[in-house]
Structures are given as structure tokens and as C-alpha cells.
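Since the structure comes first, as C-alpha cells, the remarks are kept for the end.
Any value given below was found using the heavy atoms of this structure, including those in side chains, with hydrogens, waters and symmetry copies removed. Keep in mind it's a predicted model, so treat the numbers as computed, not measured. Numbers for residues simply follow the sequence, beginning at 1.
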Amino acid sequence: MVVKEAKVPKWVSLWGMPEDVLGRIGEQIDYFQNATNRLGEQVRDIAQETIDLLLSSPIPNDIDEQKRDIVERYSAILVQFASTIADPHSTLNQMWTDMEQSVSFYLLDAGHNDDADPTEIRDLIDELTRQRNRIPALTAKISNLAAAIKGSAGALPGLEVTITNSSDAFKRTESELNMGAGIMTRLIGMAEHQHKLLKAE
């Protein structure tokens, strides 16, 4: 559906066009993906350093001091990650609302517009599907990383509180992403229905 400049519906100014909202959502998924990848690399480096220290022979005289240093650096990494994904500009919840409203009104308008183009609806379905399909791999990576971090607490006592806080951040992010995947699945169904109606005309 082409929205003419002179007749822009009110919903566009409130929630934006679907392609614009989906573009922002794609950027935020990238944001979480990059933050998770970066944390994974840092955790692997710390884990390898910890293993090397614990298996070192002979045991270093300053092993306790080295452990404390690793714990401090590990804690700083986790705190930074939790802060990064807690940034209000990176939250997806408002974007899911914008997306749901934008796509719903877009499809409603398409159903009342004789000039509505089924091809544009198909493009919207494809983009919704593409963004939704990115989420399972990301949430699986987040879940695996959270488990790996939790498992490191035993080897590095003193990280319990920081790990708990980062675990909460992981769970919140997973919840946001899964909620969005569910909303996109519902919108895809609505768009498929509208596409069939337009094709039948």
C-alpha cells in the first residue's frame, strides 16, 4: 500500500510505517547479537585464563592474588554487559508495541484500499518472517552463555552476586525477544490472510 503524502493516516505519525519500525527492530536485534557475541568472547578468554591458572604447575606463589584479579575483571565484564542491555534505548518492548500497531493499521488500511498491492503485503510478510527467524538462534546463544557463566561461579568464588544480576539481565532479554517473536508470528498470520483476500479480488 502506498501512503500518499497528502493523505498520511494518523497512525503513521504515531507508530511509523511497518518497514521503518522493522528496520529499527533489526538494528536492535543486531545490537543484542553483537553484545552477546562480545561477552561470549570475553567469557571464553577469562575461562581459559582461569583454567591455565588452576592447572599451572608449579602453583604460582601469588595464585590467590591472580584469582582476585580475574574475579575483578570478570565482574567488570558482567556488570558492563548488564548495563549495556539495560540501556533504555536498547529495549525492544516499546518497539514491539510500535510494530504491532503499525502493521495492524497498515493491514486494516490495505483491506479498505482498492489500490492495495499484494506484492507489498508479501514483502512485509517476508521481512516479518526474516526478523522473527533470527530470534531463536539468538535466544539459544544467550541461554547457553548464561549457563556457562553460572557454571563458572564455583571456580571463581566472589562472583555470585554479579552472576545473579547478569542472569536477570539475560532472562529479561530472552523474555523481550521471545515476546517479539510471538507478536511477529501473529502479525504474519494476519498479513497472510490479508494477502489471500487481495489476491482473490
Give a yes or no on whether the backbone of [Y] and the side-chain of [X] come within a donor-acceptor separation of less than 3.5 Å.
{"X": "Ser104", "Y": "Glu100", "result": "yes"}
{"X": "Ser175", "Y": "Lys171", "result": "no"}
{"X": "Asn144", "Y": "Ala140", "result": "yes"}
{"X": "Glu72", "Y": "Ile70", "result": "no"}
{"X": "Ser143", "Y": "Thr139", "result": "no"}
{"X": "Ser83", "Y": "Val79", "result": "no"}

Who pairs with [X] by salt bridge (Lys or Arg N to Asp or Glu O under 4.0 Å), at least two apart in sequence or on another chain?
{"X": "Glu27", "answer": "none"}
{"X": "Arg130", "answer": "Glu127"}
{"X": "Asp123", "answer": "none"}

Run Ile149 and Ser166 through side chain to side chain contact (heavy atoms under 4.5 Å, CB included) and show every step you take. CA-CA 9 Å; Ile149 290 172; Ser166 66; 4.3 Å; yes
Distance only, no hydrogens: is a donor on one side chain within 3.5 Å (strictly under) of an acceptor on the other, for Glu41 and Asn37? no
Residues Gln80 and Thr84: side-chain donor-acceptor under 3.5 angstrom: yes
Using side-chain hydrogen bond (donor to acceptor under 3.5 Å, both in side chains) as the criterion, list what pairs up with [X], not counting sequence neighbours.
{"X": "Gln101", "value": "none"}
{"X": "Ser75", "value": "Thr162"}
{"X": "Gln94", "value": "Asp98"}
{"X": "Thr119", "value": "Asp117"}

Would you name the heavy atoms of [X] and [Y] that are closest together and state the gap between them?
{"X": "Ala35", "Y": "Ile85", "answer": "CB-CG2, 4.4 Å"}
{"X": "Pro136", "Y": "Arg132", "answer": "CD-O, 3.3 Å"}
{"X": "Ser102", "Y": "Pro18", "answer": "OG-N, 3.1 Å"}
{"X": "Gln131", "Y": "Leu22", "answer": "NE2-O, 4.2 Å"}

Using the six-membered ring wherever Trp is involved, compare the ring planes of Trp11 and Tyr106 and label them parallel, tilted or perpendicular (cut-offs 30° and 60°). perpendicular
Using a 4.5 Å cut-off on heavy atoms from C-beta on, say whether the side chain of Ile142 contacts that of Leu177. yes
Compare all side-chain heavy atoms of Leu78 with those of Asn165 and state whether any distance is below 4.5 angstrom. no
With a 4.0 Å cut-off, would you call Arg134 and Asp30 a salt bridge? yes
Do the side chains of Arg73 and Asp69 get close enough for a salt bridge, i.e. N-O under 4.0 angstrom? yes
Can you tell me how far [atom2] of [Y] sits from [atom1] of [X], rounded to the nearest 0.5 angstrom?
{"X": "Gln33", "Y": "Ile135", "atom1": "CD", "atom2": "CD1", "result": "11.0 Å"}
{"X": "Met184", "Y": "Asn133", "atom1": "CE", "atom2": "CG", "result": "9.0 Å"}
{"X": "Thr173", "Y": "Leu92", "atom1": "OG1", "atom2": "CG", "result": "8.0 Å"}
{"X": "Met95", "Y": "Met99", "atom1": "CE", "atom2": "CE", "result": "11.0 Å"}
{"X": "Thr97", "Y": "Ile183", "atom1": "OG1", "atom2": "CD1", "result": "6.5 Å"}
{"X": "Arg172", "Y": "Asp168", "atom1": "CZ", "atom2": "CG", "result": "8.0 Å"}

[X]: which residues meet the side chain to side chain contact (heavy atoms under 4.5 Å, CB included) condition with it, sequence neighbours left out?
{"X": "Ile125", "answer": "Ile121, Arg122, Thr129, Ile188, Ala191, Glu192, His195"}
{"X": "Asn93", "answer": "Thr91, Trp96, Glu176, Met179"}
{"X": "Ala47", "answer": "none"}

For Leu55, the other hydrophobic cluster members (4.5 Å side-chain criterion, sorted by chain and number) are Ile51
Kindly determine whether Gln48 and Asp52 satisfy side-chain hydrogen bond (donor to acceptor under 3.5 Å, both in side chains), including the steps that lead there. CA-CA 6 Å; Gln48 186 59 56; Asp52 291 344; 2.9 Å; yes
Just to verify, which of Tyr74, Phe32, Phe170 counts as forming a ring pair (Phe, Tyr, Trp, His ring centres under 6.0 Å) with Phe81? Phe170
Would you mind writing out the side-chain donor-acceptor pairs for residues 59-66 within the sub-3.5 Å range, not counting sequence neighbours?
residue : atom : partner : partner atom : Å
Asp62   : OD1  : Gln66   : NE2          : 2.8

Common cluster, Leu159/Leu54, ILVMFWY with side-chain heavy-atom separation under 4.5 Å: no
